[in-house]
Amino acid sequence: MSTLCGESTYPMCDIALPYPLGHSGPVTVDPAGTPPPASNNPDAHPAAPLPPRLLRAEVLLVLGVSLGQSAIYALVTITARLTADRPLGQQTATMNASQSARPWLDLTYQLLGIFFALVPVLLAVHLLSRDRADARARLGLDARSPLRDLAWGAALAAAIGLPGLGLFWIAALLGLNASLVPAALPQLWWTVPVLILAAAQNAILEEVIVVGYLMTRLRQLGWRIGAVIATSCLLRGTYHLYQGFGAFVGNVIMGVVLSLFFLRTRRVMPLIIAHTLLDVFAFVGYALLPRDWFSWL
């Protein structure tokens, strides 16, 4: 679960073209003296690799308008919590809060927030498409194997979710987390659909940016696998720090599992499915089930 100001790696080093961009090689002439027609497919060859300086700037800018920004806000928030009069365990971290007392205006704000939170994802995929046109396929962000993706996503959600609940419970007992309120929307007809959309938005944003995009770019910059995984996982944990230290540790561990899965399968879609299922369970469950069931949070 994340908030945006509020939660494979594989060698991607493209081979440099031996000829200027726009030329696929020397032009040959047939015996009749007629050169062969130029290819009409602009994606027939990958673009020349971007210089490391531009890649580093690109990564910082993408993170600056997305989860890197969230991480900085989370650091400030946890500092404020630790220096407050009340202990961390007696404070509350609220997700999916109401934005207006007027229901239709609240719905509008919720949908706009979900939409604009996904713009950095579109930006990241667009930037990766400058290297090759099949960026979505390279990330495994497509529907080539929906049943397999769904099965792996459900398995990952189960493997991560149950231990994660135990970790949250221990962190709450030790006072290492703020009391978490996963959903604080009024009980209206659109509450559950909006919470499901919010869960999907969180999953798409986090898994595409922090796993697919970031790990791809860091590998292109020549980072070692261990450093790439550590950076991705620490970033994931940091932007959850507004919830407390239990959330930080839990999300770092979750990041390790998902990063290793991405390295093995080269697909981000199962990660999105797993993350969506976890957040739907938390958001919708909290909104519909008796509140005393969640007192341990």
Side-chain angles (χ1 to χ4, degrees), residues 2 4-5 7-26 39 41-76 116-142 204-241 251-252 255-256 258-260 262-264 266-268 271-272:
S2 72
L4 182 58
C5 281
E7 144 141 355
S8 227
T9 310
Y10 41 104
M12 305 286 287
C13 302
D14 294 325
I15 300 174
L17 294 177
Y19 304 100
L21 195 62
H23 297 274
S24 59
S39 172
N41 181 10
D43 300 324
H45 301 277
L50 295 173
R53 178 179 59 84
L54 291 181
L55 282 182
R56 285 191 290 268
E58 178 195 292
V59 169
L60 291 175
L61 289 172
V62 170
L63 294 181
V65 297
S66 59
L67 293 167
Q69 179 188 137
S70 297
I72 293 174
Y73 273 98
L75 287 169
V76 174
F116 284 109
L118 291 175
V119 171
V121 175
L122 300 176
L123 174 63
V125 175
H126 169 75
L127 292 172
L128 288 175
S129 297
R130 295 183 303 171
D131 302 344
R132 294 176 62 169
D134 59 346
R136 289 177 59 240
R138 293 170 72 197
L139 295 177
L141 190 62
D142 53 29
I204 295 169
L205 175 65
E206 293 189 41
E207 305 314 327
V208 173
I209 297 291
V210 177
V211 178
Y213 169 80
L214 182 61
M215 295 181 73
T216 297
R217 283 306 194 212
L218 293 183
R219 284 296 288 158
Q220 287 178 309
L221 286 168
W223 287 36
R224 294 180 181 273
I225 291 291
V228 171
I229 294 175
T231 300
S232 174
C233 297
L234 288 173
L235 175 59
R236 184 190 294 265
T238 301
Y239 59 73
H240 285 94
L241 263 176
N251 278 280
V252 168
V256 172
L258 298 184
S259 297
L260 291 175
F262 183 63
L263 282 173
R264 184 174 181 83
R266 310 301 199 261
R267 290 194 63 76
V268 78
L271 313 186
I272 293 174

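The CG atom of Leu63 sits 10.0 Å away from atom OH of Tyr239, with the distance rounded to the nearest 0.5 Å. For the atom pair Leu221 CG and Leu55 CG, the distance stands at 5.0 Å (nearest 0.5 Å). Distance CG/Leu128 to CZ/Arg138: 6.5 Å, rounded to 0.5 Å. A distance of 7.5 Å separates CD1 of Ile209 from CG of Leu123, quoted to the nearest 0.5 Å. Rounding to the nearest 0.5 angstrom, the gap separating the CD atom in Glu58 from the CZ atom in Arg53 is 12.5 Å. Rounded to the nearest 0.5 angstrom, Thr216 OG1 and Leu127 CG are separated by 12.5 Å.
Across all non-hydrogen atoms, the minimal contact from Gly212 to Val268 is N-CG2, 4.5 Å. The two atoms that bring Leu205 and Ala117 nearest to each other are CD1-O, 3.4 Å, heavy atoms only. Asp142 and Ala137 get closest at one heavy-atom pair: OD2-CA, 3.4 Å. Across Val125 and Leu141, no two heavy atoms sit closer than the pair CG2-CD2, 4.1 Å. Taking all atoms of both residues into account, the shortest heavy-atom contact from Ser259 to Ile229 is CB-CG2, 4.2 Å. Closest non-hydrogen pair, Cys233 versus Val256, comes out as SG-N, 3.2 Å.
Under a 4.0 Å N-O distance rule, the pair Arg267/Glu207 does not qualify as a salt bridge.
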Evaluation steps, side chain to side chain contact (heavy atoms under 4.5 Å, CB included), between Leu139 and Val211: CA-CA 9 Å; Leu139 295 177; Val211 178; over 6 Å; no
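Looking at Arg56, its side chain never comes within 3.5 Å of a backbone N or O of Pro51 through a donor-acceptor pair. Looking at Ser232, its side chain never comes within 3.5 Å of a backbone N or O of Val228 through a donor-acceptor pair. Arg136 contributes no side-chain N or O that, together with a main-chain N or O of Gly140, makes up a donor-acceptor pair within less than 3.5 Å.
In this structure, the side chains of Arg217 and Asp131 come closer than 4.5 Å at one or more pairs of heavy atoms.
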